[in-house]
Each structure stands twice: as structure tokens, then as C-alpha cells.
Amino acid sequence: LGMRDETDLRPVKLPFAGLFLRCGESQVHILQLPNPDPNTAVARPALGEDRRTAYSVRSLAPVKAALDSEMCRHLFGCKWAYEERATGAGEAA
């Protein structure tokens, strides 16, 4: 994805493992922390409803190709229904 490893800039006093990656003008921090979510398949949220992050890119094709080459699960081209929950004010949550 064209990211440059800048883990050497990571403060050594941080109490967990992780990576610092340069992505254009931004830096992405990948942290290795204990999983706060359930560890059983039955208790885990459905694909697309779990924790995720978002990035802005010029083209999705290289991102999809990189994920596919590493056999990472992703949702490119998939659609799923979102439930709209009414709030007290009548707005969707």
C-alpha cells in the first residue's frame, strides 16, 4: 500500500507492542493490545458489524489487490442492510 515503516519513531516507553507507518502526510499506528471482544465465533459480531477503520484513497483497486494477495477478509463489493433505529426525536440513529 506504499506505507513506510517509521517504528523507530515509536516511543520505547509505550507499554504495548506496535508499528508506526507513514502513509502520505499521515502516520498510522497499529497497536498490539489484548482483544476486548468475545473470542468465540458465536459471540463475535457479524462481518461488517465489528470494529473497523476507514481511510481515504484515490483508487480502491490497489487496496483490494493488496488485501487479496494477503488473503485478508474484506467487504469490497458486498452490501448489507443497516437497520434504522428511531430516536426520541424521530431521527434515525
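Bear in mind that the values here come from a model prediction, so they are computed numbers and not experimental data.
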Results of side-chain hydrogen bond (donor to acceptor under 3.5 Å, both in side chains) for Asp8 - residues two or more places apart only: none

Non-hydrogen atoms of Ala66 and Ser69 that approach each other most closely: O-OG, 2.8 Å

Just verifying a value: how many Å separate [X] [atom1] and [Y] [atom2], rounded to the nearest 0.5 Å?
X     : Y     : atom1 : atom2 : value
Thr7  : His29 : OG1   : NE2   : 9.5 Å
Arg22 : Leu9  : CZ    : CG    : 8.0 Å
Ile30 : Met3  : CD1   : CE    : 6.5 Å

